[in-house]
Number of protein chains: 2
Amino acid sequence: MLEQISASKSEILDAAALCFMTLGANAASIDDIAASLGSTKGRIYHHFPSKGALLAAVQLRAARFTYEAVHEVIDDSLAPEICLRRMARAHVLEVLRSLPYHKVILQTFTGARGKTPSKAAEQGLLAQVRAEQRQYTELFATQVSRGMAQGTFAGRTLRITVAGLMLTLNSPVFWYQPGRGNEESFRNTVADDLADMALASLRA
Amino acid sequence: MLEQISASKSEILDAAALCFMTLGANAASIDDIAASLGSTKGRIYHHFPSKGALLAAVQLRAARFTYEAVHEVIDDSLAPEICLRRMARAHVLEVLRSLPYHKVILQTFTGARGKTPSKAAEQGLLAQVRAEQRQYTELFATQVSRGMAQGTFAGRTLRITVAGLMLTLNSPVFWYQPGRGNEESFRNTVADDLADMALASLRA
DNA sequence: GGAAAAACATACTCAGTAGTCTGTTTTGGA
DNA sequence: TCCAAAACAGACTACTGAGTATGTTTTTCC
């Protein structure tokens, strides 16, 4: 499942996420990423077969970051609203922590397939990314569904509801900029506000 | 304000929005857009000085589409919650109508500046786009602020609240695909569900 | 200490693409 | 009817950026 990644590979992923974030996944070149590492292409192409694979690796890591963070606060014995709030908080905080990765997700989540049929291999990676993302949102869908069933949440179209929910929780990706002082407290404010909004949007 | 656009120019914008949406704003080439029109580069470069200008024009039009649609349902004499719900519905329906344009917005809204310093001229266009977008969200911020003041809405950080709100209302951009049958009724369901969620997320 | 493999660097190729320049057609008035 | 000016088409340039191929250095492990 969670294949061990070498230190160098991890460092490359961090740099790639940063470049993809600031320049855009398409505009950022391999040379840009290499330069930001103080290295050259060779290093990157030694660890990743193509740019698409690198991009997919970043996305995969993003999905797993949040999955790990949220998975460990889930407790099905709790009421769905309580459980969901803990999940929401954990999600937001993790997004703020590993921000560049999640910005990349957003960029490649708009339905733009690019034009390259991207060599079957990457096609598989992309499918895996989608699968893990779907699996992740399923964690939330489950709780929402529970809440709807027992009447705590309003009975609305599940897909639409969950999609809107996830978007709310991901909204900092669009505007949050780290390093403005008051980090710790501000992050908690954001997490609390968004968790509140998310929960409120569900209630019957 | 709303400079008259020729029919040909408008046709180009539609095609550009579609290409930008399906291929991504960066990956889509001018030739792609021209080909989808059954034309060649010449036509596009006759009407638009650069690709960046074309992209900005698409974004500008997207902002104006929603602005027009929402602006005409605003009625400050109504209670903020009532008014805001009408606005939300109008926004969602308009987004679904002119979907390609708004998908482009999302693509270029992730904070990725690209790398091209983009010739001062485009810098100005981009600034104008941001300005009109800000002006548009201000319409919503005003109502939210009103609601908070009179206690109908929960007192939360305004910026965060509005950002989350807009994201919820824009969520169809991520998953909606036209032409699956049941258009009319489904669109209304989406608009109603999202408007409900948005409003619920604000309530005290 | 020495060989093999991993971990890079460097110098290329080559396809795709923004933008230009020069024709050619079409349109709108006088 | 004629002539600008607008509205395109088509060929060309210059450059960027992904990927490759081959060298060079550093580990690793026996």
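Order of the sequence lines sets the chain letters (A, B, ...), proteins ahead of strands, with each chain counted from 1. Because only heavy atoms are used, hydrogens play no part in the values below, and waters and symmetry mates are left out as well, while side chains stay in. Being a predicted model, the structure only gives us computed values, none of them experimental.
- Taking the charged nitrogens against the carboxylate oxygens, A:Glu132 and A:Arg61 have no contact shorter than 4.0 Å, which rules out a salt bridge.
- Taking a cutoff of 4.0 Å between a charged side-chain nitrogen and a carboxylate oxygen, B:Glu138 and B:Arg134 do not qualify as a salt bridge.
- Residue B:Ala28 is in sugar-phosphate contact alone, with no base atom involved, counting any heavy-atom pair closer than 4.0 Å across all strands shown.
- The aromatic rings of A:Tyr67 and A:His71 lie parallel to each other, with less than 30° between the two planes, well short of the 60° mark.
- Listed in residue order, the members of residues 9-27 of chain B having a heavy atom less than 4.0 Å from DNA chain D come to none.
- Atoms CG and CG, on A:Leu13 and A:Leu54 in that order, are 6.5 Å from each other to the nearest 0.5 Å.
- Looking only at side-chain heavy atoms (C-beta outward), A:Met197 and A:Asp192 stay at 4.5 Å or farther from each other.
- Taking the ring centre of A:Phe48 as origin, the terminal cationic atom of A:Lys9 falls inside the region bounded by 6.0 Å and 45° from the ring axis.
- To the nearest 0.5 Å, atoms CG (B:Leu60) and CZ (B:Arg64) are separated by 4.0 Å.
- Listed by residue number, A:Lys41, A:Tyr45, A:Ser50, A:Lys51 are the residues of residues 35-56 of chain A with a heavy-atom contact under 4.0 Å to DNA chain D.
- Note that the first and last nucleotides of DNA chain D, 5' to 3', having any atom under 4.0 angstrom from a heavy atom of chain A are D:dG17 to D:dT20.
- Geometrically, A:Arg97 engages A:Phe65 in a cation-pi contact, judged by NZ or CZ lying under 6.0 Å from the ring centre and within 45° of the ring axis.
- The existence of a salt bridge linking B:Arg43 and B:Glu11 is confirmed by a sub-4.0 Å separation between a basic side-chain nitrogen and an acidic carboxylate oxygen.
- A cation-pi arrangement is absent between B:Lys103 and B:Tyr176 under the rule of less than 6.0 angstrom and at most 45 degrees off the ring axis.
- Straight-line distance from the CG atom of A:Asp31 to the C1' atom of C:dC12: 13 Å, rounded to whole Å.
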